[in-house]
Amino acid sequence: MTGEEFSQELESEIKSKKNLNPDGLYERSALITGGTSAMGKGIARALLDKGAKVFLADLDETRLEQVKAELSAEYEGSRIRYARLDLLEEGCAEAAFAAAEAAFDTIDILVNNAGLCRIHDIMELTDTQIDATFGVNIKGALHMSRLFAASLIRRKKRGSIVNIASNAAKVTFDGQLDYCASKAALVNMTQYMSRVWAEYGINVNAVCPGAVDTDMLRYCMEDAVAKSNGQLTIEQCRETWGAAQLGRLVDPVEIGRVVAFLASESAVVIRGQAINVDAGTTPY
């Protein structure tokens, strides 16, 4: 399918649906990896707000049950399903993706949100640690994306992939060599997948969050506090680590709203981009 044919088909579909909101995600289903994290829940809420169904995939089934119950108190429970996913475990990605398709018949949106960040001194960083970071952040995202793309191509359906990168893809942070490098690779992979899968109607973009109020950021704060010799507290980190232009930490649902837009028909002309959602912290 050429770009022109795709655009014509989309315009025809929009015109055929009375009062269609191109930002809406009604009758669409999304698979979110890392679904029990603060970021995963924020993305889920934003997608649910737009009418989508969400399938949460993460490591801990007990935690998945808890998050489903939490979200079901706010949204219709039948729109929320889940399965265990360990991106480092052989065969687990295939099982989780099959469960998602069985739950909602098809998956239209993939959000590669699962991520691993650990702080290591560059001189002490081991091959095992590097392999784990790239295993989740790159290999895991690639594996899920190929499962998703293969399903869409086989079904001759359009879809969207949104990769959760980081402003660490564009700037560096102390003690995070492997994390920064993996997120830079994810941005590059986003551009590649966007180009090669465009002909099948699969749109691929990435978002680059900054200081978002998540457990991962708290882990970084705790490390900074431990190294400060009593000169820093978590509360001080929370007050000062937020984007200067915003004056606070970013809420995960605010990242989710950008993800929801990129997954919508309104974003059909945004392709292969790595969009900063860090409230002006990163200038490019």
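Please read these numbers as outputs of a predicted model, since none were measured by experiment. Positions are given from 1 along the sequence.
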**Ring-face cation of R79 near F55 (centre distance under 6.0 Å, axis angle within 45°)** = no

**Item:** Ring-face cation of R257 near F261 (centre distance under 6.0 Å, axis angle within 45°)
**Value:** no

Are the side chain of [X] and the backbone N or O of [Y] linked by a donor-acceptor pair below 3.5 Å?
| X | Y | answer |
| --- | --- | --- |
| N167 | C208 | no |
| S194 | T190 | no |
| K170 | A274 | yes |
| D23 | S264 | no |
| D278 | A243 | no |
| N203 | A263 | no |
| S166 | A169 | no |
| Q176 | F173 | no |
| E254 | D251 | yes |

Is there a side-chain contact between [X] and [Y], using heavy atoms and a 4.5 Å cut-off?
| X | Y | answer |
| --- | --- | --- |
| S145 | N112 | yes |
| L262 | S160 | no |
| D58 | R84 | no |
| L71 | L56 | yes |
| L142 | M189 | yes |
| I164 | P209 | yes |
| P252 | I43 | no |
| I161 | N163 | yes |

**Asked** Taking it one step at a time, do I270 and I275 satisfy side chain to side chain contact (heavy atoms under 4.5 Å, CB included)?
**Response** CA-CA 10 Å; I270 303 175; I275 298 174; 4.0 Å; yes

State the [atom1]-[atom2] distance between [X] and [Y], to the nearest 0.5 angstrom.
| X | Y | atom1 | atom2 | value |
| --- | --- | --- | --- | --- |
| M39 | I255 | CE | CD1 | 5.5 Å |
| L177 | I130 | CG | CD1 | 6.5 Å |
| I138 | L116 | CD1 | CG | 12.0 Å |
| L48 | E76 | CG | CD | 10.0 Å |
| E89 | D86 | CD | CG | 5.0 Å |
| R238 | R218 | CZ | CZ | 7.5 Å |

**Request:** Take L110 and M144 through the side chain to side chain contact (heavy atoms under 4.5 Å, CB included) test and state the conclusion after the steps.
**Result:** CA-CA 8 Å; L110 171 65; M144 294 301 299; 4.1 Å; yes

[X] atom [atom1], neighbour heavy-atom count above 12 within 6.0 Å:
| X | atom1 | value |
| --- | --- | --- |
| Y26 | OH | no |
| Y219 | OH | yes |
| D174 | CG | no |
| R155 | CZ | yes |

If every non-hydrogen atom of [X] is compared with every non-hydrogen atom of [Y], which pair is closest and at what distance?
| X | Y | value |
| --- | --- | --- |
| A185 | F134 | CB-CE2, 4.4 Å |
| A114 | N137 | O-OD1, 4.2 Å |
| C237 | L232 | SG-CD2, 3.6 Å |
| K68 | G77 | NZ-O, 3.3 Å |
| F148 | G159 | CZ-CA, 4.3 Å |
| N113 | G34 | ND2-O, 3.0 Å |

**Message:** Going by side-chain contact (heavy atoms from CB on, under 4.5 Å), name the residues that satisfy it together with D49, two or more places apart in sequence or in a different chain.
**Reply:** Y75

When you check the gap from the basic side-chain N to the acidic O, do [X] and [Y] get nearer than 4.0 Å?
| X | Y | result |
| --- | --- | --- |
| K227 | E222 | no |
| E74 | K41 | no |
| E27 | K50 | no |

**Request:** Would you please test V111 and V259 for side chain to side chain contact (heavy atoms under 4.5 Å, CB included) and show each step?
**Result:** CA-CA 8 Å; V111 183; V259 172; 3.9 Å; yes

In one Ile/Leu/Val/Met/Phe/Trp/Tyr side-chain cluster, 4.5 Å: [X], [Y]:
| X | Y | result |
| --- | --- | --- |
| L88 | L59 | no |
| V277 | L246 | yes |
| V225 | L249 | yes |
| V171 | M221 | no |
| I153 | V196 | yes |

**Request:** Show the numbers, then the answer: is there a salt bridge (charged side-chain N to carboxylate O under 4.0 Å, His left out) between R28 and E265?
**Result:** CA-CA 11 Å; R28 301 190 71 188; E265 292 173 341; 5.8 Å; no

I'd like a table of donor-acceptor pairs (distance under 3.5 Å, sequence neighbours excluded) in which one partner is a side-chain atom from residues 98-109, with atom names and distances.
residue, atom, partner, partner atom, Å
E101, OE2, S151, OG, 2.4
D108, OD2, S29, N, 2.8

**Complete:** Using a 4.5 Å side-chain heavy-atom cut-off and chaining through intermediate ILVMFWY residues, the residues clustered with M216 come out as Y179

**Request:** Applying side-chain hydrogen bond (donor to acceptor under 3.5 Å, both in side chains) between Q129 and each of D131, T133, T126, report the one that passes.
**Result:** T126

**Item:** Candidate pair D178 and H120, rule side chain to side chain contact (heavy atoms under 4.5 Å, CB included), full reasoning
**Value:** CA-CA 9 Å; D178 51 337; H120 307 288; 4.1 Å; yes

